[in-house]
Q: 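Below you'll find the structure I mean.
One is the number of the first residue; the rest follow in order along the sequence. Computed from heavy atoms alone, side chains included, the values below leave out hydrogens, waters and symmetry copies.
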Amino acid sequence: MAQSNHWQLIPFENFERPSAPASTVIQQAWSHVRTLFGRTDSDETEDVAQDFPHYREFALPPAVAAIDAAWQEATDAPRVRFVISPPFSGTGAVLRAWAEQHHYRTITPPSIAQLSSADTELWWQQQQVDDRPWLMDEFSSFWLRTTEHLAFVRALLPRLLRGELGQGVVVIDSWTYAFLQRAWPLALPHCYCFAAATPELLQQVGITASDKQLRKLTAQARGNLGVALALWAVAQSSDKRAPSLPSEADDSTAFILYSLLLHHGLQGEHLQWVLPMLAADQLDVQLLRLQQHGVVEYDDQVWRVTAYAYREVRDFLSGRGYWLDAF
């Protein structure tokens with residue numbers, strides 16, 4: 001497997017996005033102009049039906065093997081490692097498979113009441129770790145961007161860095177990590193991520209195309225394998241196209257999309273807490289419009305940005321000066 005496995009787990013600071021072909025750079029520039037100045041009626045897409053082709057799930061064992069290859073040589077392993085996870089990259093699923101293989105215990109996120117109380121000691125006792133190594137695979141669920149619900153993560157991070165909770169791995173969504181880099185005074189040590197997807201990795205997970213097509217796809221997806229698979233699935237469906245933001249997209253739309261990415265999806269009630277400046281009816285209209293355009297989806301009572309719209313949503317937020325993740 002070693003010779004044909006193109007998964008790589010690397011130090012976060014070594015991550016590099018794939019370079020884009022010239023034609024892709026021009027397309028991205030034009031898309032950025034449209035985002036800044038708005039679309040004309042001729043640019044507007046019809047409402048997108050919610051029946052996009054399901055993009056293929058990749059096999060986890062090669063990615064798990066890449067984690068072992070990156071960490072097995074460490075002679076003085078840190079107490080806690082952090083793995084930064086771009087949306088739709090599958091990093092969480094890979095780490096869960098790796099943790100199960102190595103008999104790690106999966107940690108349950110705190111409840112809303114525990115977020116408010118910031119009682120990390122009681123929450124940790126309830127985990128019943130018993131000195132076993134552990135995995136926190138949903139760190140975006142350990143906080144909400146409100147005054148009341150930030151105390152828990154502020155109390156937890158020092159305990160993690162001091163090694164008080166034992167040996168473990170924390171999977172942090174890349175947007176949550178970008179926020180913590182600015183909102184918390186200390187840098188997180190021992191951070192890793194998967195290297196950007198290459199044409200060879202796309203071939204390994206089953207995408208068959210020319211080298212030029214594969215390079216273009218990796219650039220369009222910014223090296224994110226899950227986004228690449230979603231874009232490829234749409235490209236292979238003659239009656240489908242990637243969703244676009246509605247022409248009515250405005251500051252309120254940006255607030256909503258940024259909050260959903262920041263927390264890796266939110267229940268409607270919690271989204272209202274994070275965005276108290278938006279009236280409930282205004283929030284509902286925005287969410288339903290975005291859902292009709294295929295930009296967000298509602299699943300298991302949680303609103304999320306779709307993989308098919310992620311690239312455009314990121315460009316939209318970039319054009320409005322939002323803090324972006326590093327991927």
Side-chain angles (χ1 to χ4, degrees), residues 27-48 50 86-88 140-141 143-150 153 173-184 220 222 224 227 230 241-299 301-327:
Q27 291 171 356
Q28 290 174 340
W30 173 239
S31 175
H32 183 63
V33 170
R34 291 172 65 198
T35 300
L36 287 175
F37 295 100
R39 296 177 178 81
T40 64
D41 292 339
S42 61
D43 292 322
E44 179 67 13
T45 61
E46 298 177 358
D47 285 356
V48 179
Q50 295 298 297
F88 315 109
S140 55
S141 299
W143 72 295
L144 285 174
R145 196 184 58 168
T146 73
T147 302
E148 182 181 2
H149 300 104
L150 274 170
V153 75
D173 186 89
S174 59
W175 290 77
T176 296
Y177 179 74
F179 180 84
L180 290 176
Q181 283 184 301
R182 296 170 174 85
W184 203 59
Q220 289 176 331
R222 299 175 64 89
N224 186 316
V227 174
R241 53 182 172 180
S244 294
L245 286 161
S247 59
E248 300 92 344
D250 56 14
D251 287 341
S252 297
T253 312
F255 292 151
I256 292 169
L257 295 172
Y258 180 66
S259 297
L260 293 181
L261 289 175
L262 202 60
H263 296 89
H264 198 56
L266 285 169
Q267 295 182 20
E269 179 184 12
H270 300 163
L271 183 58
Q272 185 71 74
W273 295 353
V274 172
L275 299 174
M277 76 290 290
L278 298 183
D281 59 341
Q282 183 184 8
L283 181 60
D284 286 340
V285 168
Q286 286 272 359
L287 287 170
L288 290 173
R289 180 183 291 133
L290 290 169
Q291 185 183 34
Q292 290 172 355
H293 283 256
V295 176
V296 303
E297 59 188 353
Y298 187 65
D299 182 51
Q301 300 184 330
V302 174
W303 290 98
R304 291 186 177 88
V305 173
T306 67
Y308 308 97
Y310 177 64
R311 184 181 58 161
E312 178 153 353
V313 167
R314 195 180 190 284
D315 288 344
F316 176 68
L317 295 176
S318 176
R320 288 176 174 262
Y322 277 76
W323 288 342
L324 307 178
D325 72 349
F327 296 89

Q: Has the side chain of H263 got a donor or acceptor atom that lies under 3.5 Å from a matching backbone atom of R145?
A: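 Yes; judged by distance alone, with no hydrogens or angles, the pair exists.
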Q: Determine whether R320 and D251 make a side-chain contact, defined as any pair of heavy atoms from C-beta on separated by less than 4.5 Å.
A: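 Of all side-chain heavy-atom pairs linking D251 with R320, at least one is under 4.5 Å.
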Q: Is a donor on one side and an acceptor on the other found under 3.5 Å between the side chain of Q272 and the backbone of Q267?
A: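 Between the backbone of Q267 and the side chain of Q272 there is no qualifying donor-acceptor contact (under 3.5 Å).
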Q: Under the rule for side chain to side chain contact (heavy atoms under 4.5 Å, CB included), what residues qualify as partners of V285, not counting sequence neighbours?
A: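 If we apply the side chain to side chain contact (heavy atoms under 4.5 Å, CB included) test to V285, skipping adjacent residues, the hits are R289.
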Q: Check the angle between the aromatic planes of Y322 and F255 and answer parallel, tilted or perpendicular using the 30° and 60° thresholds.
A: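 Perpendicular: the ring planes of Y322 and F255 meet at over 60°.
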Q: Rounded at 0.5 Å granularity, tell me how far OH in Y298 sits from CG in L288.
A: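 It comes to 10.5 Å.
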Q: For V313 and L260: C-alpha separation, side-chain torsions, deciding distance, then whether side-chain contact (heavy atoms from CB on, under 4.5 Å) applies.
A: CA-CA 11 Å; V313 167; L260 293 181; over 6 Å; no
Q: Search all heavy atoms of A249 against all heavy atoms of L245 and return the closest pair with its distance.
A: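 Where A249 meets L245 most closely, the heavy atoms are CB-CB, 4.4 Å.
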Q: Does A178 offer a backbone N or O that forms a donor-acceptor pair with the side chain of R182 under 3.5 Å?
A: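 Yes, the answer is positive, given that a donor and an acceptor are paired below the 3.5 Å cut-off.
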Q: Measure the shortest side-chain to side-chain distance between W273 and E148 over non-hydrogen atoms and say whether it is less than 4.5 angstrom.
A: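 No, their side chains stay 4.5 Å or more apart.
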Q: Between atom NE2 of H293 and atom CD of E248, what is the distance when rounded to the nearest 0.5 Å?
A: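 Rounded to the nearest 0.5 Å, the NE2-CD separation comes out at 6.0 Å.
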Q: Could you state the interatomic distance from CD (Q181) to OG (S174), rounded to the nearest 0.5 Å?
A: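 Between atom CD of Q181 and atom OG of S174 there are 10.0 Å.
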Q: Of all the heavy-atom pairs spanning S259 and V274, show the shortest one and how long it is.
A: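 Nearest pair, atom of S259 first, then V274: OG-CG1, 3.6 Å.
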Q: Do any N or O atoms from the side chain of T176 and from the backbone of L262 form a donor-acceptor pair under 3.5 angstrom?
A: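 Indeed, once roles are kept as given, a pair shorter than 3.5 Å links the two residues.
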Q: Show, in sequence, the C-alpha distance, side-chain angles and deciding distance for W303 and L266, and conclude whether the side-chain contact (heavy atoms from CB on, under 4.5 Å) test is met.
A: CA-CA 5 Å; W303 290 98; L266 285 169; 5.9 Å; no
Q: Checking the side chain of R314 only, and the main-chain atoms of D325 only, is there a donor and an acceptor separated by less than 3.5 Å?
A: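 It does hold such a pair.
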Q: Give me the atom names and distance for the closest heavy-atom approach of L278 to L283.
A: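 Looking at all heavy atoms of both residues, the shortest contact is CD1-CD1, 4.3 Å.
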Q: Go through I256 and V296 one step at a time and tell me if the side-chain contact (heavy atoms from CB on, under 4.5 Å) criterion holds.
A: CA-CA 10 Å; I256 292 169; V296 303; 5.8 Å; no
Q: So which atom in T253 and which in Q286 form the shortest heavy-atom distance, rounded to 0.1 Å?
A: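 For T253 versus Q286, the nearest heavy atoms are OG1-OE1, 2.8 Å.
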Q: Partners of S252 by side-chain hydrogen bond (donor to acceptor under 3.5 Å, both in side chains), sequence neighbours excluded?
A: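 Applying side-chain hydrogen bond (donor to acceptor under 3.5 Å, both in side chains) to S252 gives Q282.
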Q: Before you tell me yes or no, could you show the steps for F316 and V295 under side-chain contact (heavy atoms from CB on, under 4.5 Å), namely the whole-Å CA-CA distance, both residues' side-chain angles and the distance that decides it to 0.1 Å?
A: CA-CA 12 Å; F316 176 68; V295 176; over 6 Å; no
Q: Closest approach of A309 and G294, non-hydrogen atoms and distance?
A: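 For A309 versus G294, the nearest heavy atoms are CB-O, 3.9 Å.
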Q: Check the angle between the aromatic planes of W323 and F179 and answer parallel, tilted or perpendicular using the 30° and 60° thresholds.
A: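 Tilted: the ring planes of W323 and F179 meet at 30° to 60°.
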Q: So which atom in A242 and which in Y308 form the shortest heavy-atom distance, rounded to 0.1 Å?
A: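 Minimum heavy-atom separation between A242 and Y308: CB-O, 4.0 Å.
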